[in-house]
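I have placed the structure first, in the form of structure tokens, so that the comments after it can refer back to it.
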There are 2 protein chains.
Amino acid sequence: MALAEAILVCLTERPMSGYDLAKYFDASIGFFWRASHQQIYRELGRLRERELVDSQEISQSGKPNRIVHTITDKGRTAVTGWSAKPVRMPSVKDELLVKLYALETVDTKAMREQISVRLEQHQSKLSEFRRIKSRFYDGKDLNLNQKGKLIALELGIDQELFRIAGWETVLKKMTDAGV
Amino acid sequence: MALAEAILVCLTERPMSGYDLAKYFDASIGFFWRASHQQIYRELGRLRERELVDSQEISQSGKPNRIVHTITDKGRTAVTGWSAKPVRMPSVKDELLVKLYALETVDTKAMREQISVRLEQHQSKLSEFRRIKSRFYDGKDLNLNQKGKLIALELGIDQELFRIAGWETVLKKMTDAGV
DNA sequence: TGACACTATGCAACAATGTGCATATAATCA
DNA sequence: TGATTATATGCACATTGTTGCATAGTGTCA
């Protein structure tokens, strides 16, 4: 149940509405912990019940009212407590790798195309990460929180580079194997 | 619902019982698609209902009877059909990276320990992959299916090496940041 | 000889995640 | 002016994953 913690971590930055959080996830922490807006709203309800966030409705004319969630002291303590607990290895699930396991049965032409699509996705993630890095971090004076995010971001950039190289190697090896 | 397909892919190799499958998952395809024995048994029941596998009970004295599952023609067709369909990006979920996002709030001493544990886990996975490679693949004459598995395994080895380097860099950068 | 691990299967309950839908207004673009 | 996008929240259902339990005989180690 670490979506709760991921949300709390975001709220240590500043109070946010569910909508803000969903966008924040898409643009930053979601690179390492994806969540849809439905999940976020549901989890916010639970966090409110557990008194880890304080939710305040703000009237808006025209648009639906915003509900802004602020992390409580109890919530901050919960984050620190959680952070000290051991983590598990991230669960691995990649269909594309499973397909490599039955090269005789799968449609290898379609697979090569899927690998190309995957490569493009990694390319565009890479560009996005680099854009964020140069826009928000390069040449700036950073506080500790920002330094942590930068470390994560740089790991993300290296990961994308590695994956691009990896899948390109797979394509080459498939060619060598005659498919 | 790709656990179904992962199981079918295993069964293209040879007929197996649920127990065999659970072990096979632990030792090979599970590196890229983890599943517990409970999940596997449940999914096998569904596959039997959909007639993608044929299940045959084999009497054994002493031990409980084995139920051996064989992929059907319908199942083989299903695998090929599935293989041609586009895959999604694997979902990302790593608590350790989330912790990097709140360096001011988390227990950084505990975090460094967790990174060390993570490093050890990647080390032992790496050793296992290398052991499997040298034992079953190096210097052997391989058919197409085996070549595919070797490609996946080599990608796995590179991935572990990359992750070890990545987390070591994170530790260094944390030191530079003063935590 | 008692404890433990291995073989072999599976249910039940619960927790977490993902998909689809529903609502409602304002601004922007073609 | 009609279509789309952005703002803003949330329910219901389906699927997937985890934990704990239950059964039961065999082999191995101390």
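We name chains A, B, ... by the order of the sequence lines, and we start the count at 1 in each one. Computed from a predicted structure; not experimentally measured.
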> For the pair made of NE2 in A:His37 and P in D:dA6, what is the distance, rounded to whole Å?
Replying inline: 14 Å
>> For A:Arg46 and B:Arg66, find the nucleotide of DNA chain C closest to each by heavy atoms; which residue's nucleotide sits nearer the 5' end?
In response: B:Arg66
> Is the shortest side-chain N/O distance from B:Lys93 to OP1 or OP2 of C:dG18 below 4.0 Å?
Replying inline: yes
> Relative to the ring of B:Phe162, is the ring of A:Phe162 parallel (under 30°), tilted (30 to 60°) or perpendicular (over 60°)?
Replying inline: parallel
> Taking N and O atoms by type only, does the side chain of A:Arg42 place a donor or acceptor under 3.5 Å from a partner on the base of C:dG18?
Replying inline: yes
>> Please classify the nucleic acid contact of A:Ser91 as base, sugar-phosphate, or nothing, using heavy-atom distances under 4.0 Å.
In response: nothing
> If you check the A:Lys23 side chain, which of D:dT7, C:dG10, C:dT17 turns out closest?
Replying inline: D:dT7
> Quick one: which of D:dT19, C:dT17, D:dA8 gets closest to the side chain of A:Tyr19?
Replying inline: D:dA8
>> Any N or O donor-acceptor pair under 3.5 Å from the base of C:dG20 to the side chain of A:Gln38?
In response: yes
> Can you check the A:Glu5 CD to C:dT17 C1' distance for me, whole Å?
Replying inline: 16 Å
>> If I take atom CG in residue A:Leu44 and atom C1' in nucleotide D:dG10, what distance separates them, rounded to the nearest angstrom?
In response: 11 Å
>> Using a strict threshold of under 4.0 Å (side-chain N to carboxylate O), is an ion pair present between B:Glu168 and B:Lys172?
In response: no
>> If I take atom CD1 in residue A:Ile40 and atom C1' in nucleotide D:dC11, what distance separates them, rounded to the nearest angstrom?
In response: 17 Å
> In whole angstrom, what separates A:Arg88's CZ from C:dA16's P?
Replying inline: 10 Å
>> In whole Å, I'd like the distance from the CD atom of A:Gln39 to the P atom of C:dA15.
In response: 17 Å
>> By the 4.0 Å heavy-atom rule, please label B:Arg34 as base, sugar-phosphate, or nothing.
In response: nothing
>> So if I apply the side chain to side chain donor-acceptor pair (under 3.5 Å) rule between B:Glu160 and each of B:Gln123, B:Arg130, B:His122, B:Gln121, which one comes out positive?
In response: B:His122
> Does any donor atom in the side chain of B:Lys140 or B:Gln146 lie under 3.5 Å from an acceptor atom in the other side chain?
Replying inline: no
